[in-house]
Amino acid sequence: MYQAPRGTIDILPEEQAYWRFVEQQAASICNLYGYERIDTPVFENTKLFARGIGDGTDIVEKEMYSFKDKGDNDITLRPEGTASVCRAYIEHGMANLPQPVKLYYLTSIFRYERPQAGRLREHHQFGYEAIGDADPVIDTEVIEMAWRFFQSLGLKKLSVLINSIGCKKCRPNYLETLRKYYQKHTADLCKDCLTRLERNTLRLLDCKQPACQQFIDSAPKSVDYLCEDCGQHFNLLQKYLDTIGLPYSVNHKLVRGLDYYTRTVFEIQPEIEGGQSTIGGGGRYDNLISELEGKPTPAVGFATGIERIILNLKREGITVPPVNKPSVFVASMGDIAREAAVKLSSDLRQAGIAVVQSTGTKSLKAQLRQANNLKVQYAVIIGDEEVASQTVVLKDMTGSGQETLPLDCLIDRLED
RNA sequence: GUGGGUGUGGCCUAGUGGUUAAGGCGUCAGGUUGUGGCCCUGAAGAUCGAGGGUUCAAAUCCCUCCACUCACCCCA
C-alpha cells in the first residue's frame, strides 16, 4: 500500500477547521499591522539558502532537499522562508518602495530530519518580514504582532523570550570571550558541546545536558559585550516593550540556529516543557540582504510552525470555528421524482444554497439516515405526489417537524 | 545521524505458541405501503505493518526492513 512519504502528512477534512482558523487569524493580524502577502517559489537556487542560512548550519549541511533538475541547475526545496522573501525584495527593486517593506507568507517548508512530535519533513510556516528599517520600533512591532497573533488564537500560556546577540562589530569579541571561557572547561563538557565549541560557539548556551548547565549559568552574556549602538538598540526595544505592556523576559541563553541573525533574537514558547516546544521565533538580520548581493539593508522577521500551533490549540482544548457545511439534503423516490430532484438541486445551488443530493436507488429511510449523518438542517423530499402537485416536503432535521409547500416557494423559504 | 517504545478490519481495543483472530465505535442494509435521530436484527470489512527464519503448529518467539512515536542532534 502506498503511504505518504516519511515526515509528511495528509491534512484531512476533519482537521481543516484548525488550518482555516490559523490562516485566517494570520491574514487578519497582518492586515492589522500593514503586512502584505507574498508567495515565492517552492524551490530556489541552492546557493540562495547556502549563502543566507549559513554553510555551517545543520540545515544547509544535511537537511536540505536538494537536487539537480534536467537543466543541470542546483535546486533546493525551501528550508525556511526568509531567504526567498529577501531574494524577492532585491529582485523586484523593493528598496525603491517606502521602507520598511512589510511582507508575510504562509507556506510549506522542507527539511530532511528525523520526524518527531511537532517536527515534520514538510511542515507549514506563517512568517513575516519587515525589511528596510533598523529602528527598534519595528523589532517591537514584530514581537508584539507575534504575541497578539497567538492571543487571537486563544493561546494564552506563552512566554516571550528575548536576547541580543550583537552585530558584526561586537559579536566577534563576545564569541572570543565565550570561547576562551569554555576552553577552560573542555574536560567536563559533553561531546556535543565540544563540537559546538569548534563549529557553533553560540549554541553552547543552548545545551540541554544537565552537566553543562553550570557552565552556561556562569558563562559570559552577550548583552554585556554589545557595542554602543547594539546596546542602545536593545535598551530601546525593552523600553518599548514595557511601554506597550508586553510581558517578556530577557534570556541570555537564547540563541537561534540560523547564521543570519544580528542584534534582536526572540522566541515564543508554551509553558509546557518538552522537546520541540518553541512555537515561533525570529529576530533581526541586518546583514542578510547584503549577503545576498543587495545593498546593505536592515530587516527583522518572525516565523511560526502551523503544526505546532495546532498541537497547542488541541492541548489547550481550544475550539475553532467550524467550516461551512451544506445545510440541505435532497431526497427523492422514483424516476420521475428523481429527475425533479436533479433539477431542484441545481436550482438551489444556483441560488447559493449548499446542497447534497442523494444518489442511487436508496429507500427513503436510508436517504434520511444519510441526511442525519451529514447533520444538515433540512431535508427536502420529492416523490410522485409532490411532482404531480408541484410541491415539496421540507423536513426540519434538527427537530421533528415537516411541512409541504409549493415548489416555487422553497428557495425563499430556505433563504430565511 | 544516535538511542528507546510501538505496529491486530476505517478508528479503539482483546488475544502473549495450539481448532473458522473476539468485541466496541463507525459504515451499509432491514425492523411491511413515502420518513432520520433511540432501540433491535443482520451484513460487509483483517493476507494480525512487510519479508524471512525457528517450530508439528506463530498475531504471539528470533532476524531484517518499513512506518509511527518519544528523547538527543537541530529547529517552526
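Lettering follows sequence order; numbering is per chain, from 1.
Using a 4.0 Å cut-off between a side-chain N of Lys or Arg and a carboxylate O of Asp or Glu, R37(A) and D39(A) qualify as a salt bridge. A salt bridge links E144(A) and R148(A); the closest N-O separation between the charged side-chain nitrogens and carboxylate oxygens is under 4.0 Å. Looking at R284(A) and D139(A), a side-chain N of the basic residue comes within less than 4.0 Å of a carboxylate O on the acidic one, giving a salt bridge.
In this structure, K314(A) satisfies the cation-pi test against Y18(A), with its NZ or CZ atom closer than 6.0 Å to the six-membered ring centre and inside 45 degrees of the ring normal. In this structure, R121(A) is positioned above the aromatic face of Y112(A), its NZ or CZ under 6.0 Å from the six-membered ring centre and within 45° of the axis.
When Watson-Crick and G-U wobble pairs are counted only if both distances are under 3.5 Å, A67(B) pairs with U6(B). Taking a pair to require two hydrogen-bonding distances under 3.5 Å in either a Watson-Crick or a G-U wobble arrangement, G34(B) remains unpaired. For A43(B), the paired base is U27(B) (Watson-Crick or G-U wobble, both distances below 3.5 Å).
Mapping K362(A) and A4(A) onto RNA chain B by nearest heavy atom places K362(A) at the nucleotide closer to the 5' end.
Using a distance-only test at 3.5 Å, with no hydrogens or angles considered, no donor-acceptor pair links the side chain of R78(A) to the main chain of F110(A).
Here R256(A) reaches the OP1 or OP2 of A76(B): one of its side-chain N or O atoms lies under 4.0 Å away. Checking the phosphate oxygens (OP1, OP2) of G30(B), a side-chain nitrogen or oxygen of S363(A) falls inside 4.0 Å. The side chain of R196(A) contributes an N or O atom lying less than 4.0 Å from OP1 or OP2 of C73(B).
Separating the C1' atom of G52(B) from that of C66(B) is a span of 14 Å, rounded to the nearest Å. Nucleotides U20(B) and A29(B) place their P atoms 33 Å apart, quoted to the nearest Å. For the P atom pair drawn from U69(B) and U60(B), the interatomic distance equals 24 Å after rounding to whole Å. On the P atoms, G7(B) is 15 Å away from C48(B), given to the nearest whole Å. One P atom belongs to A22(B), the other to A44(B), and the distance between them is 13 Å to the nearest Å. With both ends at atom P, the span from C68(B) to G36(B) equals 44 Å, rounded to whole Å.
Contact annotation: side chain of Q269(A) to base of A76(B), donor-acceptor pair absent below 3.5 Å. Scanning atom types as modelled, no donor and acceptor separated by under 3.5 angstrom connect the side chain of R119(A) and the base of A76(B).
The aromatic rings of Y104(A) and F126(A) stand perpendicular to each other, their planes meeting at an angle above 60°, with 30° marking the opposite boundary.
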Identify each atom pair where a protein N or O and an N or O of nucleotides 34-38 of chain B are less than 3.5 Å apart, giving names and distance.
unit_1 : atom_1 : unit_2  : atom_2 : d
G34(B) : O6     : E385(A) : N      : 3.4
G34(B) : O6     : E385(A) : OE1    : 3.0
G34(B) : O6     : E385(A) : OE2    : 2.8
G34(B) : N1     : E386(A) : OE1    : 2.9
G34(B) : N1     : E386(A) : OE2    : 3.0
G34(B) : N2     : E386(A) : OE2    : 3.1
U35(B) : O2     : K395(A) : NZ     : 3.2
U35(B) : O2     : Q402(A) : OE1    : 3.1
U35(B) : N3     : Q402(A) : OE1    : 2.8
U35(B) : N3     : Q402(A) : NE2    : 3.1
U35(B) : O4     : Q402(A) : NE2    : 2.8
G36(B) : N7     : K395(A) : NZ     : 3.3
G36(B) : O6     : G399(A) : O      : 2.7
G36(B) : N1     : M397(A) : O      : 3.2
G36(B) : N1     : G399(A) : O      : 3.2
G36(B) : N2     : N372(A) : OD1    : 3.0
G36(B) : N2     : M397(A) : O      : 2.3
G36(B) : N3     : N372(A) : OD1    : 3.3
G37(B) : O4'    : N372(A) : ND2    : 3.1
G37(B) : N1     : G399(A) : O      : 3.2

Restricting to nitrogen or oxygen on both sides, can you table the protein-nucleotides 3-6 of chain B pairs closer than 3.5 Å?
unit_1 : atom_1 : unit_2  : atom_2 : d
G3(B)  : O6     : R114(A) : NH2    : 3.2

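Atom P of nucleotide A76(B) and atom CD of Q116(A) are separated by 14 Å, given to the nearest angstrom.
Here I306(A) lies out of heavy-atom contact (under 4.0 Å) with every strand.
Checking Y261(A), F302(A), W147(A) one by one against F266(A), the ring pair (Phe, Tyr, Trp, His ring centres under 6.0 Å) holds for a single residue, F302(A). Screening F21(A), W19(A), F149(A) for a side chain to side chain contact (heavy atoms under 4.5 Å, CB included) with I309(A), the sole residue that qualifies is F149(A).
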